[in-house]
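Within every chain, numbering begins at 1; the chains are lettered A, B, ... in the order of the sequence lines, protein sequences first and strands thereafter.
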Amino acid sequence: MVYSAPRGTKDIFGEEAKIRHFLDTKAREIFARWNYQEISTPIFEEVNLFTRSVGETTDIVEKEMYVFKDKRERLLALRPEGTAPVVRAAIENALISPGKISKFFYSGPFYRYERPQAGRQREFYQIGVEFFGSVSPYADFEVLSLAVEYFHNLGLKEYNLFLNNLGCPNCRPEYRKALKDYLVQLPHSPTATSQLCADCQRRIEKNPLRVLDCKIDSKNIHGRIPLIKDYVCESCNKHFQELLALLTENKISYQIDPYLVRGIDYYTRTIFEFKNSVPGSNAGLERFSSGSQDTFAAGGRYDNLVKELGGEDIPAVGWAIGVERLIKQLSKEFISQELRAKSQEQLIYLATIGEKARKEGLKIVQTLRGAGFTVETGLYEEKSLKAQMREADGLKAKYVLILGEDELNRKVTTLRDMQTKEQKEIKLDNLPSELKKI
RNA sequence: GUGACUGUAGCUCAAUCGGUCAGAGCACUUGGCUGUGGCCCAAGUGGUUGCGGGUUCGAGUCCCGUCAGUCACCCCA
């Protein structure tokens, strides 16, 4: 083997290709009913789009982006996430405006330079939705219930929804300050009981909110550290409470996780994560348990991003699903059932004997495929009938058409039902319509 | 970026203390069955043991490097 796929990428084929196609099809089907419009944005964008939106000090921007210059020295990046490009496209094409509801979905590859491991690749796929134009908790509720509806249609049950309220530019700075003040006064000597890990000491200045979901320090600081819920302003709190009420009324179960934060700067108010909860596997209700890539979908509200990227003041909320992670959650039984239901399993295999039959067989194959039949044939290579029958069996063909000199002279073909082993002759004239009768 | 483990036919795996150890099963091809699949039987194709160095009389086995995979950290969907 001379070449291999670049680190963190992989080829998608066979069963996995079918599953992914199924996930996409189902998403399109459901999202269309909820009136979400599909949007595809470029794989690469100007670097600034991401540094402005995702945040200059986030790891995504600082160390995970694939950045390159094109021949005109334009600084570009492979897209590391989907929201900023959609917002850019929505502004640029005037797809959104204040007071108007616009809803989009996308599905495609994203790129982050990370060390690969289970559920984490350098090229990964996300399916996401973005809901523009409403500050109402009803919009938050809609995108959440859309995710729940989608998961339900995929037979996915073993998951939990975690929510938190991050506040807004009015109230978050105050909290940030309180948090920092708390963290700074903690003793930092190695012997101190409430010492923070090296990462968190760096985070104090850079991104103090991230200390909250640190796996190492959680047991020391939880219960003592200031929480944002005690600092959010009245309107942020009201928004969150209304959303929770909607979820409860509509029987969508959730848990509030006061330590939940995001690694992207543009979120305001509502943030959420869907995590798996299969007992015995990784994660679940037990946060901070080992086994990390258990969040298979996440998102939140971003009321200021459109404005920050040069658009008007338009609030929005959305989420993204990590496709590879979603696939890990799915029940094999459910999916293979769905796939079986879709595959027609009506393959017809044409076997020929002799050169004349081969030439004639080629025409028959063309005709049948043109008439809508799924056809494979053994005439590409000279093969014994036995070899062709074996191949047909391996392909799980439902019928085999046999064409030899004998049949050719009498203008018929032998039809064999591979399950019942019954054989009968069919006239070559009007073969498609004859076949449709069986 | 850090740490740990792993790398032998297409796949799953064997090979004692470094010494005919480069093998098995499955898959594939062919034959047994001159125009008929699955089961059975037989034969055959297929590997510079990830790659590159080193130690040694001798390396799949030991050492170093490198690439890749897996897992954890970091981070995130």
Side-chain angles (χ1 to χ4, degrees), chain A residues 1-10 14 54 57-65 80-83 107-128 147 197-200 202-203 207 210 213-216 261-264 271-276 282 288-300 318-329 349 351-354 357 378 381 383-408 413-419 421-423:
Chain A
M1 244 201 297
V2 187
Y3 296 108
S4 57
R7 187 160 164 82
T9 70
K10 64 174 194 170
V54 174
T57 60
T58 60
D59 279 28
I60 293 179
V61 164
E62 272 190 340
K63 42 190 209 192
E64 294 173 2
M65 269 206 294
E81 63 100 43
T83 298
S107 170
F110 295 88
Y111 302 84
R112 285 181 207 171
Y113 190 89
E114 297 179 281
R115 191 86 172 260
Q117 72 186 68
R120 198 179 75 184
Q121 293 171 236
R122 291 181 176 181
E123 179 181 64
F124 57 99
Y125 285 73
Q126 288 193 345
I127 296 174
C197 71
D199 283 320
C200 283
R202 263 187 282 118
R203 287 177 181 129
N207 197 347
R210 291 222 60 92
D213 69 342
C214 175
K215 291 188 175 79
I216 299 164
V261 292
R262 307 267 70 216
I264 296 175
I271 56 166
F272 49 85
E273 287 190 357
F274 289 90
K275 302 183 139 205
N276 82 335
N282 46 7
F288 310 124
S289 62
S290 73
S292 53
Q293 271 60 27
D294 52 346
T295 298
F296 59 91
W319 47 250
I321 296 169
V323 173
E324 291 78 10
R325 292 181 186 183
L326 175 63
I327 288 173
K328 285 206 310 184
Q329 311 298 323
Y349 185 97
T352 62
I353 307 146
E381 303 288 333
K383 276 189 208 160
S384 67
L385 180 60
K386 181 184 182 130
Q388 293 183 78
M389 291 301 290
R390 273 196 188 138
E391 188 171 62
D393 188 54
L395 292 169
K396 296 195 166 42
K398 189 158 167 59
Y399 298 105
V400 171
L401 287 172
I402 301 167
L403 189 69
E405 296 251 344
D406 184 33
E407 283 92 352
L408 208 51
T413 180
T414 300
L415 175 81
R416 178 183 178 85
D417 185 316
M418 292 297 273
Q419 266 154 22
K421 295 186 176 185
E422 281 172 31
Q423 294 195 180

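- For the residue pair E391(A)/Y349(A), the side-chain donor-acceptor check at 3.5 Å is satisfied.
- Taking the centre and axis of the six-membered ring of Y111(A), the NZ or CZ atom of R122(A) falls outside the cone set by 45° and 6.0 Å.
- The separation between N276(A) atom CG and A77(B) atom P is 16 Å, rounded to whole Å.
- Both key distances under 3.5 Å define a Watson-Crick or G-U pair, and stretches of 3 or more such consecutive pairs in RNA chain B run B:1-7 with B:67-73, B:10-13 with B:23-26, B:28-32 with B:40-44, B:50-54 with B:62-66.
- For the pair K386(A)/R390(A), a side-chain contact is recorded, criterion being any heavy-atom separation below 4.5 Å from C-beta on.
- Taking for each of A5(A) and G299(A) the nucleotide of RNA chain B with the nearest heavy atom, the 5'-most of the two is the partner of A5(A).
- The distance from the CD1 atom of I353(A) to the CG atom of L385(A) is 4.5 Å, given to the nearest 0.5 Å.
- Distance CZ (F110(A)) to P (C76(B)): 17 Å, rounded to an integer number of Å.
- Contact annotation for A392(A): no contact, since no heavy-atom pair falls under 4.0 Å across all strands.
- Residue R112(A) contributes atom CZ, which lies 16 Å from atom P of C74(B) at whole-angstrom precision.
- Separating the C1' atom of G47(B) from that of A24(B) is a span of 14 Å, rounded to the nearest Å.
- Using a 4.5 Å heavy-atom cutoff, the side chains of V400(A) and M418(A) are in contact.
- Counting only heavy atoms from C-beta outward, the side chains of P80(A) and E64(A) never approach each other to under 4.5 Å.
- Between atom OG1 of residue T295(A) and atom CZ of residue F274(A) there is a gap of 11.0 Å, rounded to the nearest 0.5 Å.
- Only the P atoms considered, U45(B) is 16 Å distant from U29(B), to the nearest whole Å.
- If you check C71(B), A77(B), U30(B) against the side chain of Q117(A), the one that comes closest is C71(B).
- For the pair E62(A) CD and C74(B) C1', the interatomic distance rounds to 13 Å; values are reported in whole Å.
- One C1' atom belongs to G7(B), the other to C51(B), and the distance between them is 11 Å to the nearest Å.
- Among the atoms of the strands shown, only primed sugar atoms or phosphate atoms (P, OP1, OP2) are found under 4.0 Å from some heavy atom of G8(A).
- Between U6(B) and A22(B), the two P atoms lie 25 Å apart (nearest whole Å).
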Can you give one letter per nucleotide of nucleotides 33-44 of chain B, 5' to 3': B if a protein heavy atom sits under 4.0 Å from the base, S if only from the sugar-phosphate, - if neither?
B-BBBB------
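- For the C1' atoms, the distance from C17(B) to C5(B) is 24 Å, rounded to whole Å.
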One pair to check against side-chain contact (heavy atoms from CB on, under 4.5 Å): R120(A) and R325(A). What are the steps and the verdict?
CA-CA 8 Å; R120(A) 198 179 75 184; R325(A) 292 181 186 183; 4.3 Å; yes
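- Comparing U30(B) with A15(B), their C1' atoms are spaced 30 Å from each other, to the whole Å.
- Side-chain contact of T414(A) with E407(A): a donor-acceptor pair under 3.5 Å is present, judged by distance alone.
- Taking 4.5 Å as the limit, every side-chain heavy atom of D294(A) sits out of range of all side-chain heavy atoms of F296(A).
- The nearest whole Å value for the distance from the CD atom in Q388(A) to the P atom in U30(B) is 10 Å.
- One P atom belongs to A14(B), the other to G53(B), and the distance between them is 28 Å to the nearest Å.
- As rounded to whole Å, 9 Å separates atom C1' of A77(B) from atom CD of E273(A).
- C76(B) atom P lies 8 Å from atom CZ of R262(A), rounded to whole Å.
- Mapping V323(A) and P116(A) onto RNA chain B by nearest heavy atom places P116(A) at the nucleotide closer to the 5' end.
- A distance of about 15 Å separates the P atoms of U55(B) and U61(B), rounded to the whole Å.
- Counting any heavy atom pair closer than 4.0 Å across all strands shown, A351(A) reaches no nucleic acid atom.
- In this structure, CD1 on I271(A) lies 11.0 Å from CD1 on I264(A), to the nearest 0.5 angstrom.
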Letter per nucleotide, 5' to 3', of nucleotides 1-6 of chain B [B base touched, S only sugar-phosphate touched, - untouched; heavy atoms, 4.0 Å]:
BBB---
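- F296(A) comes within contact range of the sugar-phosphate backbone alone, with a heavy-atom separation under 4.0 Å but no base atom that close.
- The pair E273(A)-R262(A) counts as a salt bridge, with a side-chain nitrogen and a carboxylate oxygen less than 4.0 angstrom apart.
- The separation between K63(A) atom NZ and C73(B) atom P is 14 Å, rounded to whole Å.
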Go through it in stages, so that I can follow the logic: the residues are R112(A) and F124(A), the test is side-chain contact (heavy atoms from CB on, under 4.5 Å), and I'd like the CA-CA distance, side-chain angles, deciding distance and then a yes or no.
CA-CA 8 Å; R112(A) 285 181 207 171; F124(A) 57 99; 3.6 Å; yes
